[in-house]
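A short write-up of the structure that comes next.
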2 protein chains.
Amino acid sequence: MVQMYLSGMEDVFAGEEVAALKAQVLSAKSVVVTSHRSPDGDAIGSSLALKHMFSAMGVPCAVVMPDAYAKFLHWMPGHEEVRFHDAEPEAASALVSSAEVLFCLDYNAPSRAGGLMDAVNQACANAKSSVVMIDHHQEPEDFADIMLSDSSTGSTCELIYRLLQAWEMQGALDSDLASCLYCGLITDTGSFRFSSVQPSSHDMASALLATGMNHSRIHSLIYDAYRLEQVQLTAYALSQKLQVFPEHRCAVISLSQDELLHYNAQKGDTEGLVNRALSIEGINFAAFMKEDDGRVKISLRSRGSFSVRDVAAEHFNGGGHHNAAGGACEGESLHSVLDRMVALIPTWSDDLQYDD
Amino acid sequence: MVQMYLSGMEDVFAGEEVAALKAQVLSAKSVVVTSHRSPDGDAIGSSLALKHMFSAMGVPCAVVMPDAYAKFLHWMPGHEEVRFHDAEPEAASALVSSAEVLFCLDYNAPSRAGGLMDAVNQACANAKSSVVMIDHHQEPEDFADIMLSDSSTGSTCELIYRLLQAWEMQGALDSDLASCLYCGLITDTGSFRFSSVQPSSHDMASALLATGMNHSRIHSLIYDAYRLEQVQLTAYALSQKLQVFPEHRCAVISLSQDELLHYNAQKGDTEGLVNRALSIEGINFAAFMKEDDGRVKISLRSRGSFSVRDVAAEHFNGGGHHNAAGGACEGESLHSVLDRMVALIPTWSDDLQYDD
């Protein structure tokens, strides 16, 4: 098995290996595309975009996900043909482990593939399988035959677009393919907000819109699909459970298991809460904590110079990035974690007195 | 006074008049830039962007606004030099009425200029003044000497960028100028969401980011600056005052004067509420109503085929667009307007049973 690790090169898509890959796909008997567990907009967007590219090449391909994705992504062209490991474990694993060319999109290690991990590892060990990783996460494991990794890029969909360009397939860019790519682009960049957005991200968006794709409808389908209980839980948290310490530039939200149950909270329902706390003027540090199966899970965010990674590591058994980190406390009550946080806040105060 | 009404041409910036305007500005003794009352991000963004362009040309210029704009726009390069009619009425009016070249940005009629209206009209009547309108609103009044109007464009900042290109001044595009243009672009397009966004909008964003401008910081400065009371008012409205009629696909929020006073509501605090109601899954019609100085003001939104313009016109003394309209009821209590709305909802039900 020849390893072609292209990460770190100026353009990982400019190499001859990428051109050779096209020929390999064109002659392959079975091509399978996978992504990570709990697939998000970039995972399913990049997978279906690649499937549309292969369709344009006349190459059939199966898209296999470890498990289901959110209902607000079901509008995507090609959704009805996606197969799920948790729904049909044996058939899904067989497809993946025996693929002649296996694509691993938007994940950087087999362990991220959930129920598909063993099948991905089998494909990696199979001399007859070519495994291709295309991903933008940092520090990938060196598991695939071809590793197309660029962690400076905000979304895997941008890498698929570069593959489309490298394969000179711009003619295949229709509104279905564009819609899939646009979904990953906006969901992984906060709708063009994050610092990972580059001029080339907007160049790509321009080309996608030029296909006649309805970008406004896609925003609506993705962002205007809140469950009523989710809206009510968010409103309850912000009206009743938000503690603000303006003199220390800090804000904290906490939710108990009972409160989460009362609003029938689903996975993801509390995801944006910590950012809502940080969006209050003058606040440079925000924390959200919730009871979760006997643990207390903590999300931390900051603006500017204050490092929440350090806070997470020192006090809450966690880690992460400078402005976004998290942790979890086992065997400690929500009340106790909240008390510790509130006691720590004045000690950070001096370091939080700035305007970004 | 020669009228050069360029609206409706394929490219209103391609004409010789636009090239001649550059020469006129270069030789002018006094150049003044104005925008509409209650200036928003596009009004102040386009005005300061034009000022930066004139600086690059070596032409001094005054930026004069009818009144103040929100604090979250004070970061803009050039803000400290802006003058306000409501703070110094005589000096501001004199600057505007006696300008040799007067720019009217992001408004389509002198009446939109608030306290500056008379001064703008004086400049229009003055044979020694050239008045230039650059705007994207529909149905402009024919008040200026040069009318650069394109209502298919989502923001006036996009028109200023086209002026920059027409004047071949791309070399003047630094991060300060880019930041001003980016502010107007994102605030008037819902961060690239609205249907008015075109491929060229993203082409422009790409060029702005290429200057090294910090787009992520701009998003944070604009969108993460909520007053605590505003967050609490929004949360209260969504947790306590939201009525949902899922079988009719409708949602309604109402707020009394007392409730608004309790949260010390400021202008603009309730602006996004109706969209929050519309963002609930399955909802195709949303209404927000509030008591306001003895009137009841109503905002209506819809998704898809149902026309809120018709509802506003027939029942609430209003009008607007197909998916976004409003009205006002004088001499009727909030309770009464709400009762009427709730009674009307079942009559619309049949027309609201669709998925977008």
**Message:** With a sphere of 6.0 Å drawn around CZ of B:Phe245, does it hold more than 12 non-hydrogen atoms of other residues, nucleotides or ligands?
**Reply:** yes
**Asked** Has A:Tyr223 got more than 12 heavy atoms of other residues, nucleotides or ligands less than 6.0 Å from its OH?
**Response** yes
**Request:** Report the residues that fulfil side-chain hydrogen bond (donor to acceptor under 3.5 Å, both in side chains) with B:His262, sequence neighbours left out, ordered by chain and then residue number.
**Result:**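 Partners of B:His262 by the side-chain hydrogen bond (donor to acceptor under 3.5 Å, both in side chains) criterion come out as none, since no residue qualifies.
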**Item:** All side-chain hydrogen bond (donor to acceptor under 3.5 Å, both in side chains) counterparts of A:Tyr69, not counting sequence neighbours
**Value:**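 side-chain hydrogen bond (donor to acceptor under 3.5 Å, both in side chains) check on A:Tyr69 returns A:His79.
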Pick from [options] with the largest number of heavy-atom pairs that fall under 4.5 Å of chain A:
| options | value |
| --- | --- |
| B:Ala225, B:Ala251, B:Ala237 | B:Ala225 |
| B:Ile186, B:Leu208, B:Val197, B:Val244 | B:Val197 |
| B:Pro246, B:Ser200, B:Ser206 | B:Ser206 |

[X] [atom1] to [Y] [atom2] distance, which is reported to the nearest 0.5 Å:
| X | Y | atom1 | atom2 | result |
| --- | --- | --- | --- | --- |
| A:Ser201 | B:His215 | OG | NE2 | 7.5 Å |
| B:Leu228 | A:Leu242 | CG | CG | 6.0 Å |
| A:Leu238 | B:Leu233 | CG | CG | 12.0 Å |

**Prompt:** Side chain, backbone, both or neither: which part of B:Phe72 has a heavy atom under 4.5 Å from chain A?
**Reply:**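 Neither part; nothing is under 4.5 Å.
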If every non-hydrogen atom of [X] is compared with every non-hydrogen atom of [Y], which pair is closest and at what distance?
| X | Y | answer |
| --- | --- | --- |
| A:Ser239 | B:Ser239 | OG-OG, 3.9 Å |
| B:Ser195 | A:Ser216 | N-OG, 3.6 Å |
| B:Leu209 | A:Gln198 | CD2-C, 3.8 Å |

Enumerate donor-acceptor pairs with a distance under 3.5 Å from any side-chain N or O in residues 269-277 of chain B to protein atoms, sequence neighbours excluded.
unit_1, atom_1, unit_2, atom_2, d
B:Asp269, OD1, B:Arg227, NH1, 2.9
B:Asp269, OD2, B:Arg227, NH1, 2.7
B:Asp269, OD2, B:Arg227, NH2, 3.4
B:Asp269, OD2, B:Gln266, N, 2.9
B:Thr270, OG1, B:Lys290, NZ, 3.3

**Asked** Under 4.5 Å between any side-chain heavy atoms of B:Met204 and A:His202, yes or no?
**Response**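 No, their side chains stay 4.5 Å or more apart.
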**Request:** Enumerate by number any residue of residues 175-183 of chain B whose heavy atoms lie under 4.5 Å from heavy atoms of chain A; in the absence of such residues, state 'none'.
**Result:**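 B:Tyr182 fall under the 4.5 Å cut-off.
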**Message:** Between A:His219 and B:Phe192 (judged by ring centroids, cut-off 6.0 Å), do the two rings come close enough to count as a pair?
**Reply:** no
**Message:** Quick check on A:Ile218 against chain B: is it the side chain, the backbone, both or neither that has a heavy atom closer than 4.5 Å?
**Reply:**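 Neither the backbone nor the side chain of A:Ile218 comes within 4.5 Å of chain B.
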**Message:** Between A:Arg193 and B:Asp224, does any side-chain N to carboxylate O distance fall below 4.0 Å?
**Reply:**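 Counted as a salt bridge, because a side-chain N and a carboxylate O are separated by less than 4.0 Å.
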